[in-house]
Undergrad: 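Let me give you the structure first, and then I'll get to my questions.
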Amino acid sequence: MKVLAHAKAVLPDRVVDDALVVTEGGLITHVGEARPGAVPAEAVDLRGALLLPGLVDTHSDGLETELRPRPSAEFEVGFAVSSFEGRVRAAGITTVFHGVAFESHNRKGRTVDRARRIDAALRERSASGHALVDHRVLYRLDARDPEGLAALESCLSGTPVPPPLVSFEDHTPGQGQYRDSAVYRRWLEGTEGISPRRPSGGWRRWWPSATRASGTGRSRSGGWRSWRRGDGRGCSRTTP
């Protein structure tokens, strides 16, 4: 049993300014006022510090930055995971969904192989018994990348525990915020590093090829996504 006294406890419906909190076996068994005479000698005096449940980050890209802090420097994946979880824990986050993109992205250094390695490192860390936080994965699947779908199917084969969360991202040219080809072109210049001096003929060829790739990705993944949803596993769709 562990007793915490004189904390400002944040509860779902109120804040207890001078709280007494008791935990047993990793579970909170009591939260009340720290009344005179009710605080045992062995209690830890928190001196008015905020005490609140661990936060859940449902979409974090921080591991990607930890892994590759500069374009020319990339750490070993296992080291990046253990380093980043310390930062996360210090911020009060106890469950983090790491965004792992199964796609190719030149400027951000994303590849399908890299996504596999990150996923494997997170699984290994979770199974080690030494993780400081609960590591989860937000699997990000881009409609334009058919290789990503095959790799994701492989990673999620069998019955993953806990159930995975998948975000299907459809950034097809010609719809939503990219309905205007000029807007899509500027986005590609900024994110993919395609030169604005590229001949316009090349752009006209790239536009339909990207559209066809997205259509193929939507078609191939449609049945798989429907099956996953029907199986009670998370799968959402993100459009521009």
Side-chain angles (χ1 to χ4, degrees), residues 1-12 15-16 19-31 40 42-71 73-102 108-141 151-152 155-167 233-234 236:
M1 183 176 70
K2 188 171 186 177
V3 182
L4 307 174
H6 307 301
K8 183 173 286 189
V10 180
L11 306 181
V15 175
V16 181
L20 180 72
V21 179
V22 180
T23 67
E24 295 184 60
L27 299 176
I28 298 173
T29 58
H30 172 79
V31 178
E42 69 274 14
V44 178
D45 187 350
L46 295 185
R47 301 180 181 181
L50 279 172
L51 185 63
L52 64 162
L55 303 176
V56 178
D57 188 341
T58 59
H59 182 173
S60 171
D61 292 323
L63 179 57
E64 191 171 65
T65 303
E66 190 82 15
L67 180 62
R68 192 171 183 251
R70 295 191 303 275
E74 183 159 330
F75 292 120
E76 189 271 327
V77 180
F79 171 81
V81 170
S82 59
S83 173
F84 182 62
E85 73 177 6
R87 300 177 189 271
V88 169
R89 179 67 175 265
I93 296 170
T94 53
T95 299
V96 55
F97 284 81
H98 301 279
V100 179
F102 282 72
K108 292 186 178 181
R110 291 175 178 169
T111 65
V112 173
D113 179 64
R114 186 194 195 205
R116 286 179 179 273
R117 288 187 284 113
I118 293 174
D119 181 58
L122 289 170
R123 290 172 187 253
E124 182 179 350
R125 183 64 176 172
S126 295
S128 70
H130 301 297
L132 300 178
V133 299
D134 183 9
H135 291 285
R136 306 290 183 93
V137 178
L138 170 61
Y139 294 94
R140 302 175 61 187
L141 176 63
L152 183 56
C155 284
L156 299 184
S157 61
T159 308
V161 177
L165 181 64
V166 179
S167 174
R233 298 171 183 159
S236 63

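Note that the coordinates shown come from a computational prediction; the quantities given were computed from them, not determined experimentally. The figures here come from the full heavy-atom set of this structure, side chains too, leaving out hydrogens, waters and symmetry mates. The first residue of the sequence shown is numbered 1, and numbering continues consecutively from there.
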Undergrad: Any chance CD1 of I28 has more than 12 other-residue heavy atoms, nucleotides or ligands included, within less than 6.0 Å?
TA: no
Undergrad: Decide yes or no on side chain to side chain contact (heavy atoms under 4.5 Å, CB included) for F102 and C155, but give the supporting numbers first.
TA: CA-CA 11 Å; F102 282 72; C155 284; 3.9 Å; yes
Undergrad: Would you give the length of the straight line joining atom NE2 of H130 to atom CD of E85, rounded to the nearest 0.5 angstrom?
TA: 11.0 Å
Undergrad: Taking S128 for its side chain and R125 for its backbone only, find out whether a donor-acceptor pair lies under 3.5 Å.
TA: yes
Undergrad: Please report the interatomic distance OG1(T23) to CE(M1), rounded to the nearest 0.5 Å.
TA: 8.5 Å
Undergrad: CD of E124 to CZ of R117: how many Å apart, nearest 0.5 Å?
TA: 13.5 Å
Undergrad: Within this structure, what is the CD1-CG distance for the pair I93 and D57, rounded to the nearest 0.5 Å?
TA: 4.5 Å
Undergrad: Which of these passes side chain to side chain contact (heavy atoms under 4.5 Å, CB included) with R136: T95, T58, L165?
TA: T95
Undergrad: Between V137 and D119, does a side chain to side chain contact (heavy atoms under 4.5 Å, CB included) hold up when you go through it step by step?
TA: CA-CA 8 Å; V137 178; D119 181 58; 4.0 Å; yes
Undergrad: For the residue pair H135 and H98, categorise the inter-ring angle as parallel (less than 30°), tilted (30 to 60°) or perpendicular (more than 60°).
TA: parallel
Undergrad: Could you state the interatomic distance from NE2 (H6) to CG (L46), rounded to the nearest 0.5 Å?
TA: 9.0 Å
Undergrad: One pair to check against side chain to side chain contact (heavy atoms under 4.5 Å, CB included): D61 and T65. What are the steps and the verdict?
TA: CA-CA 7 Å; D61 292 323; T65 303; 5.7 Å; no
Undergrad: Considering all heavy atoms of both residues, which atom of L132 and which atom of R89 are nearest to each other, and what is their separation?
TA: O-NH1, 2.6 Å
Undergrad: Using 0.5 Å steps for rounding, measure from the CD atom of E66 to the CZ atom of F79.
TA: 7.5 Å
Undergrad: Considering all heavy atoms of both residues, which atom of V96 and which atom of S60 are nearest to each other, and what is their separation?
TA: CG2-CB, 3.7 Å
Undergrad: Any sub-3.5 Å donor-acceptor pair from T29's side-chain atoms to V22's backbone N or O?
TA: yes
Undergrad: Should we count CD of E74 as having more than 12 external heavy atoms under 6.0 Å?
TA: yes
Undergrad: Considering all heavy atoms of both residues, which atom of A121 and which atom of V77 are nearest to each other, and what is their separation?
TA: CB-CG1, 3.3 Å
